[in-house]
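Here the structure comes first, spelled out in structure tokens, and everything after it is commentary.
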Amino acid sequence: MPDTPSFSRRALIQTAVAAPLVGSVVAASAPLSISADGITLTAEADGTIVVRDTADRVRIPHFMIKDSVLGQQRTFGGTPTLVTVDGRPAIQVDYTMAAAAQAVKVRGIFTVSARRARLRWEVTGSTTLTPSGYMFARTLLAPSAPERYVPATRWTRDPRGGVPYEVNAGALYQETWTDTSAYFRLAKTTPGFTNASWIHAPAGADGATEAELILGAMRPAAANALGSGSPLSVDVWSEQPFGLYGQSAAMALRAQVVNGAAVQRQVRLEWWARDFDGDQVGGGTVTKTLSPGGVWDAEFTVAGAPQGIVFTEVKAVAGADEVFARTNLATLKAHTYRADGRFGIANYAWMLQPDKAAVGTLMQRIGVKWVRIAYDGAPGHSPAELDALGIKHNVQLGGVIFNGTPQQIAAWADEKAGVARASGARYFEVANELNQPWMSGQKAAEYVRDGLRPIHERLSGSGIKLMNCGLGGMDVNWTANFHQAGGWPLIDVFAFHPGRGNFTPDYAPPPSEWQLGDNGTYWNYLGSLREARRTVDAHGGGKELWLTEAYACTRPNRWWNDNHRQAAENVLLTLALAVSEGVDGLNWYQPHDSTIHHPQEADPDNPEYHFGLLNRDTSVKAALLAFATATRTLEGARFIRWLTFADPDVKGLLFDKFSILWTRKDGYLLNADHGPDQWYPHKEAWVDHWPTKTPVTLPARSANVHVVDCLGRETWVPVTGGQATLTLDGAPRFYYGLS
């Protein structure tokens, strides 16, 4: 990374922009310019602002308003003048509006400090303005890479306890040239509204839009800190994609600190690294004196285990200011997978971070053999790219037109069937979770009539297998209506999504005991899976059984959701139980914490952000290692039977080459001591949450019993007199060598 420039005091003290001092106006008879260290703004005669350092970088020509009566209206040129703002020179542009919006007045006020410009637009003259829809135009001059949207986040701690988490702290649009970078920094923006011409820039509470433009080769977090006036910031990352290294590798943790204060001060950097057992495997304290705007890059090395995860935190302290950031590092052994694996990824379209090639390699490394959605024109890897990776692919397409005209239904079915054929899909999942409200049984017959049957007619004989819309939960009422409506002969696969709350995956209440609601027992795993298996076997026809979405949500500090250690354990057991029930395919939802509409942002309260195998910053969760360990062990494995023991709380699955053992001495409920509200202080990932340890002596056929935990870490238990004494708890583990 190029050296990050040091910023002068002026780059860091930015008071609120006051109204221009009208008495100090200089009319524009020629291009007007204002400058500070490393930046010049020039206003051309039509009001276009040109941003320059050693070369012209950006042109900012127009502003767009939104009004509930006038609609969207943009500026058409403007009159620039020189003014003063807080005693400093500034450029003011009074813009010209279209004839239909003459009552609206748009004024731009632009100031500079070292390598930084503040852009402000004030809109008045209408009582029906919609400030959330404002935008400004920008044209990049000879960039070397496309613009990149980068959400800014910061780590925080809940004063009540629990695990720390990220919150949003602004948004950046990164511009890149061969010799430098620039960042448009806004408090809020919706990247889906931004396009090649306009950046979505909603107004703040005062009705004005403000943005910062920061110039310089630096990381986005540093630019955000400077743009937001943060007195101190720290960023941590690994240059290794996903922070995922090979077996026993030395792992590099990088940190960047920015002193955003107006004075020179000493900054203390404290860091630690802990493994899955909570042992500290790295750490220390270093100090450095930083000037105002000074940037400090540090790097630390952590020794990697043969396979495992390391949780890291870096904290920066200067006076009363204290900030911290976290990321994970991990090691994963090499493995050669079979070609016929049953495990895949469900929704993945937004996961192209850091790039498509790295994501493809990661999917290969963790045993992804299926992708649920792939067709030309869809986000993510194309069918041809997945073919090259050796990953099979399906399609899931919706938009069923209930009660539409024959012409509408035919047009929809022609289009979707055509996409499925062109994609080379093995399976077509016709729509998604149309069984809402859950267990109501509604629209099953309409779905068969208007969705499934038209697709079946068009793809009959194509070789593409049809799945019903993946059900949200094992909805027995919808399934019964679906069967009654003649849907069963039209599918090759029964598909559903066994959502799970704060129950271990092996919790298996029968349907008669299921309770609905956001926190109801309807959202159980093994009970739902067994009911699905029973349904498939009862209705016959040789249908396959697929879990097209499976989950382990790690929304922080919520009792309904897993903490990171629970999620890793539950991933392993989820996949193992699927194999035990003869599931033909399982797609994990989803690759990393994010949503397609708000990629890489943070939202601690929204469960949709927390289903990933990777964190928001794309570093490895413990769950990813568990997924890889499970896929490597279970692919090709033959399930024999459930094991029974004298102690009914001891549980086990017997496969042809290994066993999986655990106990339920501590029950099937996770976070069972929660209070009446949703908040619950999650334990850190390195904290064992099973209080009861149970010694079990079992016959063994070798000198040692080989034990593999959910992360793939290996230990050996000695065998004496043909028996081994194992210590079991609620965490499932693989055991090799038992008789």
Side-chain angles (χ1 to χ4, degrees), residues 346-347 431-444 447 468-483 494-536 545-563 566-567 569-571 573-574 577-578 581 583 586-590 603-611 664 666-682 689 730:
N347 293 10
N432 183 64
E433 296 192 355
L434 295 181
N435 60 310
Q436 300 182 52
W438 318 123
M439 297 288 276
S440 68
Q442 295 179 20
K443 292 189 175 179
Y447 167 73
N468 59 283
C469 66
L471 301 182
M474 182 50 216
D475 192 328
V476 295
N477 295 333
W478 193 95
T479 303
N481 290 348
F482 171 81
H483 183 269
F494 181 69
F496 84 112
H497 306 157
R500 179 182 56 78
N502 69 320
F503 317 110
T504 61
D506 55 321
Y507 178 58
S512 60
E513 297 178 8
W514 294 353
Q515 296 175 340
L516 294 175
D518 290 342
N519 301 323
T521 53
Y522 174 73
W523 301 109
N524 73 85
Y525 180 74
L526 182 56
S528 296
L529 179 55
R530 284 177 171 169
E531 178 61 21
R533 177 80 273 163
R534 187 201 65 77
T535 299
V536 170
L545 175 59
W546 278 64
L547 313 183
T548 52
E549 293 181 12
Y551 313 88
C553 179
T554 57
R555 180 173 52 159
N557 302 325
R558 297 295 190 274
W559 63 262
W560 182 246
N561 303 122
D562 295 348
N563 67 37
Q566 293 166 341
E569 296 168 354
N570 292 336
V571 166
L573 193 53
T574 295
L577 292 171
E581 292 294 329
V583 165
L586 182 151
N587 292 328
W588 199 261
Y589 186 94
Q590 58 192 18
D603 189 343
D605 296 323
N606 184 350
E608 290 297 319
Y609 280 75
H610 301 284
F611 285 108
R664 285 294 169 246
D666 297 313
Y668 293 87
L669 291 182
L670 303 170
N671 315 319
D673 57 340
H674 66 83
D677 63 4
Q678 278 291 311
W679 185 84
Y680 179 83
H682 273 169
H689 61 103

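These figures come from a predicted structure and were not determined experimentally.
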Indicate yes or no for a side-chain donor-acceptor contact from Y447 to the backbone of C469 under 3.5 Å, with no hydrogens or angles considered.
yes

Checking the side chain of S528 only, and the main-chain atoms of G473 only, is there a donor and an acceptor separated by less than 3.5 Å?
no

Restricting to non-hydrogen atoms, name the atom on [X] and the atom on [Y] that form the minimum distance, rounded to 0.1 Å.
X: E549; Y: A346; answer: CG-CB, 4.0 Å
X: D506; Y: R664; answer: OD1-NH2, 2.9 Å
X: C553; Y: F611; answer: CB-CE2, 3.4 Å
X: G667; Y: T504; answer: O-CG2, 4.3 Å

Is the distance between the ring centroids of Y551 and Y589 less than 6.0 Å?
yes

For a side chain to side chain contact (heavy atoms under 4.5 Å, CB included) check, start with the C-alpha distance between F496 and E531, then their side-chain angles and the critical distance, and finish with the verdict.
CA-CA 11 Å; F496 84 112; E531 178 61 21; over 6 Å; no

Set out, in order, the CA-CA distance, both residues' side-chain angles and the distance that settles side chain to side chain contact (heavy atoms under 4.5 Å, CB included) for F503 and L526, then state yes or no.
CA-CA 10 Å; F503 317 110; L526 182 56; over 6 Å; no

Test Y680 against every option in N563, D673, N557 by the side chain to side chain donor-acceptor pair (under 3.5 Å) rule and name the one that passes.
D673

Name the one of H610, R500, R555, H682 that satisfies side chain to side chain donor-acceptor pair (under 3.5 Å) with D562?
R500

Using a cut-off of 6.0 Å, state whether more than 12 heavy atoms not belonging to D677 lie near its atom CG.
yes

In terms of the angle between their ring planes, are W559 and H674 parallel, tilted or perpendicular, with boundaries placed at 30° and 60°?
parallel

Mind checking what makes side chain to side chain donor-acceptor pair (under 3.5 Å) contact with D475, not counting sequence neighbours?
N435

Got a sec, which residues hit salt bridge (charged side-chain N to carboxylate O under 4.0 Å, His left out) with R533, two or more places apart in sequence or on another chain?
D537

State, with a plain yes or no, whether a side-chain heavy atom of Q678 is found less than 4.5 Å away from one of N519.
yes

Quick one: list whatever passes side-chain contact (heavy atoms from CB on, under 4.5 Å) with S440, sequence neighbours left out.
P437, Q442

What verdict does the side chain to side chain contact (heavy atoms under 4.5 Å, CB included) test give for T574 and L547, after you've listed the backbone C-alpha separation in whole Å, the side-chain angles of each residue and the deciding distance to 0.1 Å?
CA-CA 11 Å; T574 295; L547 313 183; 5.6 Å; no

Report the C-alpha distance between N671 and H689 in whole Å, list the side-chain angles of each, state the deciding distance to 0.1 Å, and finish with yes or no for side chain to side chain contact (heavy atoms under 4.5 Å, CB included).
CA-CA 9 Å; N671 315 319; H689 61 103; over 6 Å; no

